[in-house]
Amino acid sequence: ADAAMYAAKRAGGASYAFFEPHMDADVREQVDLHRDLRLALERGELELHYQPKVSGDGSTITGAEALARWRHPQRGIVSPGVFIPVAERFGLIGALGDWVVNEACRQVRQWLDEGLRVRVAVNLSVFQLRQDDLVERVLKAIEVHRIEPALLTFEITESVAMEDAESTLITFERLAAIGVQMSIDDFGTGYSSLSYLRRLQARQLKIDRAFVRDLETSADARAVVQAVVQLAHALGLNVVAEGVETVGQRDVLNALGCDELQGFLFAKPMLPASVALWAAGVNRPTALVFGDSAYVE
Ligand code: C2E
Ligand code: MG
Ligand code: MG
Ligand code: MG
């Protein structure tokens, strides 16, 4: 209730009341979503869908990104673009983030038990990145589900990483020390410097979809992607392109030396059972290797 009141105050000024007729429709919507989201966490209405990442030539699955979905009883599937900001605004992101990390580790373990090694990437919010006990929480999830830390990657957007650059350096160091890997998401939209990237214990740069989208039409976008690939490789980082939708984009990215690709061209985010089938080559035109080679170091 405090959080809702806080939001009402922030948006509406002096009013402390709930659901007053004058309350902004948008605030009301947010208050509704907040109430439902709190229940959703208790009732288990959240799901993780997984979007595969593939090798540069598109031939092998290299991992999968966990993307949160909310199966709302009335609204249907709600996308994270809607409910993550609500969770952040109303103080639910800590609980939600914990759930995501644990559920991802549980799924990695289930896949292992089914004979499939999938490296899973989890998106971290700014709140999680600043949690004092983040490393302990992560370690606990890894231990409970008996998975190797190297099977877990965290994606942190470049702009979030830069918000408090010094503390990000320390958190990355601590996470790297326990063996999980870090990836800089939406790269190219923030303002990190070369010297900062050199100090940051990341393993991967993830080129933002905006550059990929314009690859075939814009020489600038192509130049940016080329520069990012070269930069990443010069720093010993692996580079992934997100949002690959066309064969043309795939071919340019492959020619520029992009290590991994992800996008609707290969696979949409899907339920875990579909990932296993997809990795085995079911419902997919090109054959992928199944089993141990699904794991690429
Ligand atoms: P992101 O991490 O950059 O994820 C990429 C988004 O692009 C996903 O949207 C994905 O479904 C979408 N996408 C993938 N391939 C394509 C493509 O080829 N074309 C197009 N048009 N879109 C593509 P989604 O799942 O709606 O997630 C949006 C954002 O929400 C994510 O951006 C991430 O920042 C955030 N998010 C998702 N799950 C979580 C979570 O568990 N925790 C946190 N903190 N954030 C999350
Ligand atoms: Mg991501
Ligand atoms: Mg991204
Ligand atoms: Mg993005």
Side-chain angles (χ1 to χ4, degrees), residues 2-3 6-7 9-11 26 30 33-34 37 65-68 79-102 104 120-139 141 149 152-212 224-225 227-228 231-232 235-243 262:
D2 279 345
Y6 171 70
K9 270 197 326 191
R10 265 221 311 218
D26 185 50
Q30 296 249 320
L33 277 173
H34 163 233
L37 185 56
E65 177 177 10
L67 294 158
S79 78
V82 172
F83 67 82
I84 296 284
V86 173
E88 280 173 341
R89 188 171 179 186
F90 292 96
L92 293 175
I93 192 69
L96 195 154
D98 270 354
W99 179 82
V100 171
V101 170
N102 274 283
V120 165
V122 168
N123 292 284
L124 278 196
S125 70
V126 63
F127 176 88
Q128 288 173 289
L129 193 63
R130 304 286 173 252
Q131 267 175 332
D132 288 336
D133 58 352
L134 172 66
V135 175
E136 287 73 23
R137 286 165 191 269
V138 171
L139 266 179
L152 191 60
T153 297
F154 287 122
E155 295 192 1
I156 293 104
T157 65
E158 185 187 21
S159 47
V160 161
M162 293 309 294
E163 250 177 59
D164 186 351
E166 286 307 310
S167 95
T168 299
L169 282 177
I170 295 166
T171 307
F172 271 47
E173 234 169 72
R174 295 178 61 212
L175 287 168
I178 65 169
V180 301
Q181 304 189 335
M182 258 68 63
S183 171
I184 310 294
D185 207 349
D186 300 350
F187 189 77
T189 60
Y191 299 92
S192 50
S193 66
L194 274 175
S195 63
Y196 182 71
L197 282 174
R198 271 187 66 193
R199 293 167 66 207
L200 199 59
Q201 294 251 10
R203 176 182 179 270
Q204 180 173 82
L205 294 185
K206 214 170 166 184
I207 301 175
D208 191 63
R209 175 146 58 91
F211 301 110
V212 174
V224 169
V225 170
V228 172
L231 165 67
L235 294 172
L237 300 172
N238 148 304
V239 58
V240 189
E242 68 173 17
Q262 188 184 24

Glu155 and Glu242: CA distance, side-chain angles, deciding distance, side chain to side chain contact (heavy atoms under 4.5 Å, CB included) verdict: CA-CA 12 Å; Glu155 295 192 1; Glu242 68 173 17; 5.6 Å; no

Output the distance between atom [atom1] ([X]) and atom [atom2] ([Y]), rounded to the nearest 0.5 Å.
X	Y	atom1	atom2	answer
Asp186	Lys206	CG	NZ	8.0 Å
Leu33	Arg89	CG	CZ	11.0 Å
Gln128	Asn123	CD	CG	9.5 Å
Ile170	Leu175	CD1	CG	12.0 Å
Leu96	Phe90	CG	CZ	14.0 Å
Asp185	Gln204	CG	CD	9.0 Å

Return yes when atom CG of Asp132 has more than 12 non-hydrogen atoms of other residues, nucleotides or ligands closer than 6.0 Å, and no otherwise.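 No.
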
So Leu231 and Leu197, side chain to side chain contact (heavy atoms under 4.5 Å, CB included) or not? Walk me through it. CA-CA 10 Å; Leu231 165 67; Leu197 282 174; 3.9 Å; yes

What verdict does the side chain to side chain contact (heavy atoms under 4.5 Å, CB included) test give for Leu134 and Leu124, after you've listed the backbone C-alpha separation in whole Å, the side-chain angles of each residue and the deciding distance to 0.1 Å? CA-CA 10 Å; Leu134 172 66; Leu124 278 196; 4.0 Å; yes

Is the shortest side-chain heavy-atom distance between [X] and [Y] below 4.5 Å?
X	Y	value
Leu92	Trp99	no
Leu129	Glu163	no
Thr168	Ile156	no
Val240	Asn238	yes
Arg198	Leu235	yes
Val138	Phe154	yes
Val126	Asp164	no

Which pair of heavy atoms, one from [X] and one from [Y], lies closest together, and at what distance?
X	Y	value
Glu88	Ser125	OE2-CB, 3.6 Å
Ser167	Arg130	OG-NH1, 3.1 Å
Ala232	Val239	CB-CB, 3.9 Å
Leu37	Phe83	CD2-O, 3.8 Å
Tyr191	Met162	O-CE, 3.7 Å
Glu158	Gly188	OE1-N, 2.9 Å

Salt bridge present between Glu166 and Arg199 (N-O < 4.0 angstrom):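 Here Glu166 pairs with Arg199 in a salt bridge, since their nearest N and O are under 4.0 Å apart.
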
Return the set of residues passing side-chain contact (heavy atoms from CB on, under 4.5 Å) with Ala176 (not counting sequence neighbours), or none when no residue passes.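 side-chain contact (heavy atoms from CB on, under 4.5 Å) list for Ala176, sorted by chain: Met182, Gln201.
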
Worked verdict on Leu169 versus Leu200 for side chain to side chain contact (heavy atoms under 4.5 Å, CB included): CA-CA 6 Å; Leu169 282 177; Leu200 199 59; 3.6 Å; yes

